Amino acid sequence: ILSIALSSCTITNKTSEAMESWKGTNISSVIASWGPETRVTSDGKSGKVYTWDKRWQTNAFYDHNGTYQPPRQKNCTKNFYVNSSGVIYNWRWNGHCR
C-alpha cells in the first residue's frame, strides 16, 4: 500500500510540475505541443480557460490475491487559465493524469 501511495504522489508531483512549467508562456506553445484543446470557456474575467480532456478504459486483470478486477473508466482533465494576451497565469488538473 505504501508503494502505491508513494507512486501516486510521484505522478501527482510530476503532473503539477509539468503544468507549472507552462505558467507564463503563451497558450499557443501548449497547443503546438499537445494538439488542439477539447474546449475553451471564459475565465469570468477578460481571459479564457483552455481544457484538455482524456478518457480511457483500463484492461481487466487478476490482482495479487487472484481477484478479478474488471475494466475501469479513467479520466484526466487539464485546464490552463489564460489572460487576454494569451499568457498562462494559472492551471488546474484533476483525475488520473500522468
Side-chain angles (χ1 to χ4, degrees):
I1 293 174
L2 179 60
S3 173
I4 292 170
L6 291 175
S7 172
S8 178
C9 288
T10 300
I11 291 169
T12 299
N13 288 340
K14 287 184 178 183
T15 301
S16 294
E17 287 172 12
M19 297 291 286
E20 182 68 21
S21 73
W22 290 106
K23 204 169 177 181
T25 64
N26 195 287
I27 191 64
S28 62
S29 297
V30 177
I31 294 168
S33 178
W34 292 8
E37 67 281 347
T38 306
R39 66 183 170 279
V40 180
T41 56
S42 171
D43 69 352
K45 304 173 188 175
S46 59
K48 298 178 181 178
V49 180
Y50 287 74
T51 301
W52 281 260
D53 287 317
K54 181 178 179 184
R55 290 173 175 40
W56 68 97
Q57 182 171 311
T58 63
N59 293 323
F61 66 97
Y62 288 91
D63 66 17
H64 66 279
N65 293 321
T67 304
Y68 176 77
Q69 299 295 325
R72 296 176 191 197
Q73 293 293 328
K74 301 275 186 165
N75 68 324
C76 169
T77 300
K78 295 179 180 179
N79 298 305
F80 284 110
Y81 296 78
V82 179
N83 66 23
S84 59
S85 299
V87 176
I88 298 168
Y89 68 85
N90 204 359
W91 53 268
R92 181 176 169 215
W93 66 268
N94 60 34
H96 297 92
C97 301
R98 295 182 179 253

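Every value quoted in this text rests on a predicted model; they were computed, and no experiment measured them.
Val30 and Tyr50 fall within the same hydrophobic cluster, defined by Ile, Leu, Val, Met, Phe, Trp and Tyr side-chain heavy atoms under 4.5 Å apart, directly or through other members. Under a hydrophobic clustering in which Ile, Leu, Val, Met, Phe, Trp and Tyr are joined whenever their side-chain heavy atoms come within less than 4.5 Å, directly or via other members, Val49 and Trp22 fall into different clusters. A chain of hydrophobic side-chain contacts below 4.5 Å, direct or via other Ile, Leu, Val, Met, Phe, Trp or Tyr residues, connects Ile88 to Val40. The hydrophobic clustering, which links ILVMFWY residues whose side-chain heavy atoms are closer than 4.5 Å, places Trp91 and Val82 together. In the hydrophobic clustering of ILVMFWY residues, with side-chain heavy atoms under 4.5 Å counting as a link, Met19 and Val87 come out apart.
Annotation: cation-pi geometry not satisfied between Lys54 and Trp52 (NZ/CZ under 6.0 angstrom from ring centroid, within 45° of ring axis).
Two residues are said to be in side-chain contact when any heavy atoms from C-beta on lie closer than 4.5 Å; His96 and Trp56 meet this criterion.
Although no hydrogens or angles enter the test, the distance criterion places no donor-acceptor pair under 3.5 Å between the side chain of Asn65 and the main chain of Thr67. The backbone N or O of Asn94 sits nowhere less than 3.5 Å from a side-chain atom of Thr77 that would complete a donor-acceptor pair.
Here the closest heavy-atom approach between residue Cys97 and residue Thr15 is recorded as O-OG1, 3.4 Å. The shortest non-hydrogen separation linking Ser46 to Ser84 is O-CB, 3.6 Å.
For the atom pair CG of Asn90 and CD of Glu20, the computed distance is 8.5 Å after rounding to the nearest 0.5 Å. The structure places CG of Asp53 at 8.0 Å from CG of Asn79, a figure rounded to the nearest 0.5 Å. A distance of 5.5 Å separates CG in Asn75 from CZ in Arg55, rounded to the nearest 0.5 Å. For the atom pair OG1 (Thr51) and NZ (Lys78), the distance works out to 12.5 Å, reported to the nearest 0.5 Å. Here CD1 of Ile31 is found 10.5 Å from CZ of Phe80. Values are rounded to the nearest 0.5 Å. From Glu37, atom CD reaches atom CD1 of Ile27 across 7.5 Å, with rounding to the nearest 0.5 Å.
When the shell of 6.0 Å around OH of Tyr62 is examined, it contains 12 or fewer heavy atoms from other residues, nucleotides or ligands.
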